[in-house]
Amino acid sequence: MKVSFVKHGLPASGTVVVGVLAKSTLTKAAQALDRKTGGAIRRAIRASRFEGNKGQSLSLLAPAGTKLDRILLVGFGKPDEITETEMENLGGRIYAETQREKSGSVVVAVDAVGGASLKAWEMAARMGYGARLRSYRFDKYRTKEKASDKPNLRTIAFQSDKFDIARKAYAHFDRIADGVFFTRDLVSEPANILYPEVLAKKAKELEKLGVKVEILGEAQMKRLGMGSLLGVGQGSIRESKLVVMQYNGKGAAGRGEAPIAFLGKGVTFDTGGISIKPAGGMEDMKWDMGGAGVVVGLMMALAGRKAKVNVVGIIGCVENMPGGNAQRPGDIVTSMSGQTIEVINTDAEGRLVLADALWYCKERFKPKFMINLATLTGAIIVSLGAQYAGLFSNDDTLSERLTSSGLKVGEKLWRMPMGAEYDKELNTDGADMKNIGGRGGGSIIAAQFLQRFVDKTPWAHLDIAGVTWSKGDAPTVPKGGTAFGVRLLEQFVTDFYEK
Ligand code: BES
Ligand code: MN
Ligand code: ZN
């Protein structure tokens, strides 16, 4: 689908979308169409419950006086409801309502709204972004879907004044959407297709955007002493990989400067290992690499839009399988940090992967801070459901910044407590720590475990188990892999680290 920005003008055919404000107040474009159709728009509004509220829409098919297929009225709501997020949501809803339009061509007329904080071109650019985000579809394995059932929207054109500025603003959003789509693709692939080596190769594709990508195999990780990560992957026939991505958008000026770092859990499938999971719903564990997927998509977005930031992305890619060589409950492994870990439950594997990735990152790059993302615990789903991701951190500023950037893009974080009382649950007699604690506070104990591998580095952990996959459509997030985290962290970089 092509998203374009053009000047105002009534098209001869296809579908036209116009806005109506609350209390059925027609925008300029709606008024013009009402005249052209002999008052059909006002009559249709009177005959329906549509009042121009946000989220509402009303369709007029084959309107007399025109050769149009359809006029779609969409509610803009009140002027103060015209925000960036609402305009993206509106763009997403317009896409959803018109994606199967027979003509394949939709024009959206965007007029300036008195009293709104956004200009018409800003509204148009945001609507275009929302439409693109909603247009994601993972259908490569659907070989029998009828063409008539597939979306066939070829072009969606947004009309506004200063449309050339809208086009420029959109180009920026388009690069972020590229990252979001890449992440959604990675998360959607099944685990027989996407295993550690494949995930690493996908990350390698970022080289064409100027990202330096190194892939460490098991031999190299063994030399580095990454016994914690390697133990997780040892039951799998697939080789574990650690991928290190570096993007320096500051050029020579940023050479000496410490980078910022993002890390992701890349468990391409989590059976639980010898502590095997029950069968029901185990297929969901193909997206246990969601954290890694976000880091790759984020790097793509930042490099794609040439962000002025020095950033490192690290993903630990492993498959957690039972097998003759699998790690056993009770095994003791030595992490790269030198700390020993008694693996009581092989299903608490994400933390074992991140332990070595975090330590390696800190030692090699001495970053300003580290932020990791992981589908780490089922317990965070019990706590927060699918509405918020859990935020755990040793740094208040970092936490506040992440939370505020998340609010801007509709990816909400809720900070959870941490503390020594939780941490001590990890103590064990036979080693420096065990990998699980008692029954309660499972997500917090997992965070405490990670914290033992960050030393004094400012750090935040986002537990995204509840938000990585969605069962229903949202305006800009179709059901399936959400890529939650890409937009948040891209915004976070924009807001605080790009000066
Ligand atoms: N990948 C899972 C967490 C998960 C569960 C993600 C459901 C998404 C949906 C993780 O590796 C895991 O198995 N965690 C265990 C930890 C427990 C053994 C302490 C869990 O949450 O049950
Ligand atoms: Mn697990
Ligand atoms: Zn897992």
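Here, residue 1 is the first one in the sequence, and each next residue gets the next number. Ligands are counted one by one from 1 in listed order, and the atoms in each one are counted from 1 as well.
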For [Y], is there an ion pair with [X] - N to carboxylate O distance below 4.0 angstrom?
X      : Y      : result
Lys368 : Glu257 : yes
Glu498 : Lys308 : no
Lys140 : Glu189 : yes
Glu283 : Lys286 : no
Glu205 : Lys201 : no
Asp463 : Lys265 : no
Asp185 : Lys202 : no
Arg401 : Asp395 : no
Asp423 : Arg452 : yes
Glu214 : Arg364 : yes
Asp473 : Arg134 : yes
Lys150 : Asp139 : no

Students should be able to answer this: which protein heavy-atom is nearest to [atom], and at what distance?
atom                    : result
atom 10 (C) of ligand 1 : Leu376 O, 3.3 Å
atom 16 (C) of ligand 1 : Arg351 NH2, 3.8 Å
atom 22 (O) of ligand 1 : Gly378 N, 4.6 Å
atom 18 (C) of ligand 1 : Asn345 ND2, 3.6 Å
atom 11 (O) of ligand 1 : Glu349 OE1, 2.7 Å
atom 19 (C) of ligand 1 : Ile436 CG2, 3.5 Å
atom 7 (C) of ligand 1  : Met285 CE, 3.7 Å
atom 15 (C) of ligand 1 : Asp347 O, 4.1 Å

Interfacing atoms of ligand 1 (cut-off 4.0 Å, heavy-atom, [X]):
X      : result
Lys265 : 1 (N), 10 (C), 11 (O)
Ala465 : 6 (C), 8 (C)
Thr377 : 3 (C), 21 (O)
Thr375 : 1 (N), 2 (C), 3 (C), 6 (C)
Trp287 : 8 (C), 9 (C)

Tell me whether ligand 1 is touched by [X] - counting only heavy atoms on the residue side and a distance under 4.0 Å.
X      : answer
Val267 : no
Trp469 : no
Thr468 : no

> After noting the C-alpha distance and the side-chain angles of Arg305 and Thr494, does the key distance pass the side-chain hydrogen bond (donor to acceptor under 3.5 Å, both in side chains) rule?
Replying inline: CA-CA 11 Å; Arg305 69 165 184 77; Thr494 300; 3.1 Å; yes
>> Quick check: Lys277 and ligand 1, any N/O pair under 3.5 Å apart?
In response: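 Checking ligand 1 against Lys277, an N or O pair does fall under 3.5 Å apart.
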>> Within the supplied structure, the quantity of interest is the number of heavy atoms (other residues, nucleotides, ligands) at a distance under 6.0 Å from Lys146 NZ; does it exceed 12?
In response: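 Atom NZ in Lys146 is not crowded, with 12 or fewer foreign heavy atoms closer than 6.0 Å.
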>> How about NZ on Lys366, more than 12 heavy atoms from neighbouring residues, nucleotides or ligands closer than 6.0 Å, or not?
In response: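 Counting neighbours around NZ of Lys366, more than 12 heavy atoms of other residues, nucleotides or ligands fall under 6.0 Å, so yes.
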>> For the aromatic rings, using the six-membered ring if either is Trp, is the centroid distance between Phe492 and Tyr497 under 6.0 Å?
In response: yes
>> Ring of Phe453, cation from Arg351 - is the NZ or CZ under 6.0 Å from the centre and inside 45° of the axis?
In response: no
> Closer than 2.8 Å to the Zn ion (ligand 3), how many protein N/O/S atoms do you count?
Replying inline: 4
>> I need the protein N, O or S atoms closer than 2.8 Å to the Mn ion (ligand 2), given as residue plus atom name.
In response: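 Listed by chain and number, the atoms are Asp270 OD2, Asp347 O, Asp347 OD1, Glu349 OE1.
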> Hey, what's the ring geometry for Phe181 with Tyr136, parallel, tilted or perpendicular (30° and 60° as the breaks)?
Replying inline: perpendicular
